[in-house]
Amino acid sequence: MGLFFKWVSLILVFYSFIPKLISSNILYLSSEELAQIPVNFFDLARKQDLVNYMVNIRRRIHENPELAFEEFETSKLIRAELDHLGIYYKYPVAVTGVVGYVGTGEPPFVAIRADMDALALEEAVEWEHKSKVPGKMHACGHDAHVAMLLGAAKILQDHRNELKGTVVLVFQPAEEGHGGAKRMLDSGVLENIDAIFGLHVSFLHPIGTVGSRAGPLLAGSGFFEAVISGKGGHAAIPQHSIDPIIAASNVIVSLQHLVSREADPLDSQVVTIAKFQGGEAFNVIPDSVTIGGTFRAFSKESFIQLKQRIEEVITRQASVQRCNATVMFNSDEKPFYPATVNNQDLHKHFINVATDMLGAQNIIEMQPVMGAEDFSFFAEAIPGYFFFVGMKNESQGPIRNGHSPYFTVNEDVLPYGAALYASLATRYLLEYQPESKPSEGNIHDEL
């Protein structure tokens, strides 16, 4: 009889574990349990020790800005933090990039990305942590993005045993015009990724809100430069010269017609001349003039058409004015950026997670923006999703737009970004489990 009760007790103990075992499988997680994940992560991200950690990281990076593919000290700081957290990583990737891994080391794999580079600007904001490097500044919030991703890494590492797959931490160099994302893809380290998420702080959206949309969000972007050559001479006798300034002026006017007269009004496009260099004296017609600018569109067809027409207009309009023109476009060092197009399924995932964390009233459906992001390279190769995290707080005064020497970051935004990074990745791993895929080895073998 005693043996009988002993077996009954063992059976009861065994069955008492079944709900716990079942709850570890997404197929049996309730919607309430899923909804609680971003709430819990947001609570963790707002704890003072983690806030202080992210603020400290962000300020250290801000004081020591580094330009594209020069982010060696930033990368060193990131690697030191990952070492401290016990997170395995690969380095170098695309010169200065770092790719870390949290979780099982097995599928599915979901990536969260932060860019690291600064801009060639002299900071005009006077504060305790102003840039210490003349002519360089974090004027676009990439210092905050890195701090958020490291904050998310801490949260994820503390919950690594609960992850149903692997979160890939992508610290990317050279977003500002140099296509660091493309270099990372070319390295092959992201070949097994099932989805990737990226974010950007926004001075337009209020703190506590997020903004994005399905489909095209940011435009494809290209740059061009043209040298228009004539024949220099004295300004008092222009008949003996061939004036490249007049030719360049006509070129600029004609280029504006590409959008106003040739583009479909419902197909947003931009051609902007932002560079005009020619002549050094008021009474000398120069031999040549250099102009340059950017062109942007949301479809590949429109982008290709704009590129072709820009070259035709410059060369032919210069010819009308008896000048020659040479047109140069993006190079391998500064590639064309495709449009950033958000995956439809990931948009639904984002809305669900962000709503659970912030409430539906704080989700902003954005209109497409003509700005560009090299996250677009990731989103072309991998199902991707890019969104904006609001940091505007009227009570703290206005925030200047990015790429301004007066740009500032409202550091209250850091917990929002960290919690969203961690929540989007964790929920993705839970909700997108492969039906059956045998393990292909540990993290080192798989990736």
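Counting from 1, the numbers follow the sequence of the chain as shown.
Dense packing is recorded around CZ of F276, with more than 12 heavy atoms of other residues, nucleotides or ligands lying under 6.0 Å away. By the neighbour-count criterion of 12 heavy atoms within 6.0 Å, atom NZ of K130 is densely surrounded, having more than that number from other residues, nucleotides or ligands. Heavy-atom contacts from other residues, nucleotides or ligands closer than 6.0 Å to CD of E191 number 12 or fewer.
The minimum heavy-atom distance between V133 and P65, with the atom names listed, is CG2-CD, 3.8 Å. The minimum heavy-atom distance between T166 and G105, with the atom names listed, is OG1-N, 2.8 Å. Shown here for Q269 and L306, the closest heavy-atom pair between the two residues is OE1-CG, 3.3 Å. What you find for R296 and A219 is that their closest heavy atoms are CB-CB, 4.1 Å.
Judged by the 6.0 Å distance and 45° axis criteria, R79 is positioned over the aromatic ring of Y91.
Ring geometry, F378 versus F375: the interplanar angle exceeds 60°, so the pair is classed perpendicular (tilted spans 30 to 60°). Using cut-offs of 30° and 60° on the angle between ring planes, the pair Y432 and H349 is perpendicular.
Applying the ring-ring contact (aromatic ring centres under 6.0 Å, His included) test to F303 and every residue at least two apart in sequence or in another chain returns F295, F336.
Residues L358 and T209 fail the side-chain proximity criterion, which asks for heavy atoms closer than 4.5 Å.
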